[in-house]
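Report on one structure; see the data block that follows.
Computed from a predicted structure; not experimentally measured.
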Amino acid sequence: DIFPGNVRLYVHNDALAALASGTMGKLHGCVLIAGTGTIAYGFTEDGRDARAAGAGPILGDWGSGYGIAAQALTAVIRAYDGRGPDTMLTSNILSTLELSSPDELIGWTYVDPSWARIAALVPVVVSCAEAGDEVANKILQDSVEELALSVKAVVQRLSLSGEDGKHSFPLVMVGGVLEANRRWDIGREVVKCILRDYPGAVPIRPKVCIWPHWHSCDQASANCCGAALCRIQLYPWACYKLSRKENLRSY
């Protein structure tokens, strides 16, 4: 009753859909998702796949929005205790949360320890880093290295870069942590870190458009982006809109 009878439905990890969004439906290459959580996922033309990270915050989604913000909260408590250096994060996070003392962070954190609620503090960490705070800068640099390591692990396991490490492959980058809208650009730094080892990586940042109603390509409006997710109908309510000028390549 939910889907028309002529629709084929596939259930996969959402990382597969994100990868397809940047390669016009061709399942080849690596995708890095870094939002509240993070995962790196790769797929080869002969059907092999591999993943790294994506195990949730308890097992260490470091580099994700949650991981960045959790380290910032920890840094505030450490500074307050005298176990760590003073940091601008203290005043900025307390101001953002309308708290008067680091002691109150304990109650704030555990009254609702949802991942997205904590990850929402990432812009505060970025602002402090841009203002020159050493603690915030280290947190972001550590996150860059963790995200790059996840991608490198997948690339190595699948030999996406060839034997010489220089073959071209698409690197699709999705998620709020990777958006290039700040001077301290986490996504840009991740790419630089990956390119040092795998110069053939081709970064792709698909843009997302949300459709108000379910549709397949046969039923789509004239404004349908025609992207992979519309065609293979993995997530028909969220089409990944590609800029053909910037993102469409042949692999």
Between Ser159 and Val155, is there a donor-acceptor pair closer than 3.5 Å when you use the side chain of the first and the backbone of the second? no
Thr44 side chain reached by Leu27 side chain, heavy atoms, under 4.5 Å: no
Verify, without hydrogens or angle tests, whether Ser64 (side chain) and Gly67 (backbone) share a donor-acceptor contact under 3.5 angstrom. yes
Would you say Thr74's side chain and Ala70's backbone share a donor-acceptor pair under 3.5 angstrom? yes
Under the salt bridge (charged side-chain N to carboxylate O under 4.0 Å, His left out) definition, can you give me all pairs with a residue in residues 65-90, not counting sequence neighbours? Asp81-Arg83
Verify, without hydrogens or angle tests, whether Thr36 (side chain) and Gly65 (backbone) share a donor-acceptor contact under 3.5 angstrom. no
Test question: given the 4.5 Å side-chain rule for I, L, V, M, F, W and Y, name all other residues clustered with Ile106, or answer none. Tyr110
Short question: side chain of Arg48, backbone of Phe43 - any donor-acceptor pair under 3.5 Å? no
Less than 4.0 angstrom from a charged side-chain N to a carboxylate O is my criterion; do Asp49 and Arg51 meet it? no
Ser21 side chain to Ala18 main-chain N or O, any donor-acceptor pair under 3.5 Å? yes
Rounded distance [0.5 Å steps], OG in Ser127 versus CG in Leu121: 11.5 Å
Quick one: does Glu130's side chain have a donor or acceptor within less than 3.5 Å of a partner on Arg183's backbone? yes
Between Glu45 and Lys26, is the salt bridge (charged side-chain N to carboxylate O under 4.0 Å, His left out) condition met? List the steps. CA-CA 8 Å; Glu45 293 179 323; Lys26 185 174 183 179; 3.1 Å; yes
Whether Asp133 side chain and Thr87 backbone form a donor-acceptor pair below 3.5 Å: no
Backbone of Ile39 reached by a side-chain donor or acceptor of Asp61 within 3.5 Å: no
Which residues pass the salt bridge (Lys or Arg N to Asp or Glu O under 4.0 Å) test with Glu146, not counting sequence neighbours? none
Sidechain-backbone polar pair: Glu104 side chain, Ser100 backbone, donor-acceptor under 3.5 Å: yes
Heavy-atom count around Glu145 CD within 6.0 Å, excluding the residue itself: above 12? yes
